[in-house]
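The structure appears right after this line, and notes come after that.
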Protein chains: 2
Amino acid sequence: MSAAWAGPDRFPVAVDAVLFGVSAGALKVLLIRRGAEPFLGRWALPGGFLRAGETLEQGVVRELAEEAGVRPDPLVQLGAFSAPGRDPRGPVLSVAFMGLVRVEDHVPHADTDAADAAWATMGALPPLAFDHAEVLKAGHERLLALTRSEPVGLNLLPEAFSLGALQALYEAILGRPLDKRNFRRKALASNLLRDTGLTQLGVAHRAARLYRFDAEAFANRGAGIFL
Amino acid sequence: MSAAWAGPDRFPVAVDAVLFGVSAGALKVLLIRRGAEPFLGRWALPGGFLRAGETLEQGVVRELAEEAGVRPDPLVQLGAFSAPGRDPRGPVLSVAFMGLVRVEDHVPHADTDAADAAWATMGALPPLAFDHAEVLKAGHERLLALTRSEPVGLNLLPEAFSLGALQALYEAILGRPLDKRNFRRKALASNLLRDTGLTQLGVAHRAARLYRFDAEAFANRGAGIFL
DNA sequence: GCAAAAGTGTTGGCACTACACCCATGA
DNA sequence: TCATGGGTGTAGTGCCAACACTTTTGC
């Protein structure tokens with residue numbers, strides 16, 4: 001067993017990310033246009049190959065920093081994809097992640113592997129390389145599930161924000177309108193928001209109170225929900 | 001790029017399974033005692049290395065057939081684990097699955113890699129090899145989550161079963177008692193059970209009606225729930 | 001007749017939905 | 001004064017949890 005045993009088969013491992021952002025009241029996904037074969041010129045999810053000595057999380061964080069200059073928070077694993085033929089180069093295992101990113105933080109720019117990068121609107125997506133359509137679907141489902149059980153998306157807002165802005169964010173993520181009074185009731189009842197005492201400035205209507213997220217209260221209770 | 005490029009790093013990929021079963025009213029996990037280094041003699045989750053040419057699902061199904069003679073249904077992916085040092089041999093990626101198995105279907109037997117195999121009771125577990133304690137925790141959480149959203153565990157019952165047996169199964173999985181009247185109301189309201197017209201035989205008390213699971217009704221509605 | 005499990009309804013609380021109007025502000 | 005978003009309460013509905021007794025059967 002120690003001499004004749006060549007060791008297990010080895011596989012290239014890719015890490016890919018479904019990065020969501022909100023812009024102009026709509027949910028967006030970050031896509032890159034491939035600058036190399038296979039699928040040259042096709043849109044794809046950002047990602048790359050895992051290197052020896054790094055964990056999956058480290059790998060995807062490195063790739064996203066290199067390829068898109070972003071550091072998503074939260075960043076959760078979706079799972080591993082291994083469908084035969086998903087990569088024409090051969091058997092490549094892909095571990096996918098889903099994350100949220102401020103759209104303003106990302107300055108789309110070309111790269112060695114990425115000829116172009118852009119935020120695509122959910123519901124108006126181009127055809128994607130590899131099995132990325134399937135991965136994106138899994139990411140979207142995960143985002144919706146997570147939104148219903150945790151206060152996701154607060155990182156996308158400024159430090160102090162109005163309840164109107166919070167509601168608009170959730171409406172963009174969920175893709176449907178929410179009832180204002182019910183939303184406010186639940187948001188305030190969650191006990192995760194603290195009134196900063198500040199109000200909006202320079203708006204052409206009544207100034208809204210600004211709140212901040214109470215990270216400590218959140219940590220002490222595990223899971224909270226806004227809607 | 002075609003000549004100087006040695007290609008991406010390659011990794012051994014392991015597939016491991018958290019297999020749950022119910023026996024004597026308690027939730028059990030299938031463990032094997034390792035018959036090889038590393039962790040010789042330690043208890044571990046069943047699993048093995050992925051081979052070239054197979055998907056992750058195929059790999060874990062093959063390993064479980066070889067190592068334990070079982071074919072779990074359902075079998076769902078938990079995700080990939082890559083913590084540094086999880087395998088002392090070096091960086092090994094592990095993709096974990098969670099599945100349900102009839103305890104009677106598994107005849108524990110030794111194997112080249114497994115010196116022994118046994119059903120361990122949740123809550124009275126031995127120390128585990130690798131990062132399997134963490135994987136098991138993820139599997140348990142997934143089982144509970146799945147149980148709350150889908151009629152999981154029906155495969156563990158015989159073709160025709162009583163509502164009492166169904167309730168006992170769910171109590172074992174969830175690890176807590178359930179209210180009989182509420183459970184029956186929801187189970188029958190789910191429209192996933194059909195009265196077979198049969199009753200129990202040879203019991204020292206009133207004979208229960210026996211039901212069967214209506215797979216067609218389940219397929220037509222996607223997700224149903226019993227409790 | 002007794003042990004053991006089957007079978008059966010009602011109630012109160014809570015969470016969710018739907019819904020419409022006045023208020024403050026700047027242009 | 002008007003346009004724009006901020007801010008507020010109530011009523012109806014449905015789900016869920018809690019709860020105890022009678023029935024059937026075999027021994």
Donor-acceptor contact present, side-chain B/Glu171 to main-chain B/Leu178, <3.5 Å: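 Flag set: sc B/Glu171 to bb B/Leu178 pair under 3.5 Å.
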
Side chain A/Lys186 and base C/dA15 donor-acceptor under 3.5 Å: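 By the distance-only test, no, there is no pair.
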
Side-chain donor/acceptor of A/Arg185 to base of C/dA15, under 3.5 Å: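 Checked by distance alone, the answer is no.
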
Roughly, in whole Å, what's the span from [atom1] in [X] to [atom2] in [N]?
| X | N | atom1 | atom2 | value |
| --- | --- | --- | --- | --- |
| B/Arg176 | D/dC16 | CZ | P | 12 Å |
| A/Leu163 | C/dC23 | CG | P | 20 Å |
| B/Arg209 | D/dT25 | CZ | C1' | 16 Å |
| B/Gln200 | C/dA6 | CD | P | 6 Å |
| A/Leu201 | D/dG6 | CG | C1' | 15 Å |
| A/Asn182 | C/dA15 | CG | P | 13 Å |
| A/Gln167 | D/dG6 | CD | P | 9 Å |
| B/Phe183 | C/dG7 | CZ | P | 13 Å |

First of A/Arg206 and B/Asp179 reached from the 5' end of DNA chain C, by closest nucleotide: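 The 5'-side residue here is B/Asp179.
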
Pairwise 5' ranking along DNA chain C for A/Ala204 and A/Lys180, keeping only the more 5' one: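 On the 5' side of the pair lies A/Lys180.
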
Spacing of B/Arg62 atom CZ and B/Thr55 atom OG1 [to the nearest 0.5 Å]: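 These two atoms lie 10.5 Å from each other.
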
Reported CG-to-OG distance for the pair B/Leu198 and B/Ser162, which is rounded to 0.5 angstrom: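 Reported value, rounded in 0.5 Å steps: 12.0 Å.
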
Short side-chain donor-acceptor distance under 3.5 Å, B/Thr121 and B/Lys28: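 B/Thr121 and B/Lys28 do have a side-chain donor-acceptor pair below 3.5 Å.
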
Side chain of B/His205 - closest among D/dT8, C/dA5, D/dG5: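 Shortest atom-to-atom distance from the side chain points to C/dA5.
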
Nearest-nucleotide pick for A/Arg181, side chain only, options being D/dA18, D/dT24, D/dG9: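 Looking only at heavy atoms from C-beta outward on A/Arg181, the closest nucleotide is D/dG9.
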
Test ring-ring contact (aromatic ring centres under 6.0 Å, His included) applied to B/Phe218 and B/Phe213, step by step: CA-CA 8 Å; B/Phe218 174 58; B/Phe213 178 58; 5.8 Å; yes

Pairwise 5' ranking along DNA chain D for A/Ser162 and B/Ala207, keeping only the more 5' one: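 It is A/Ser162, whose closest nucleotide lies nearer the 5' terminus.
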
Sugar-phosphate only, base, or nothing, as touched by B/Arg184 at under 4.0 Å among non-hydrogen atoms: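 Touches a base.
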
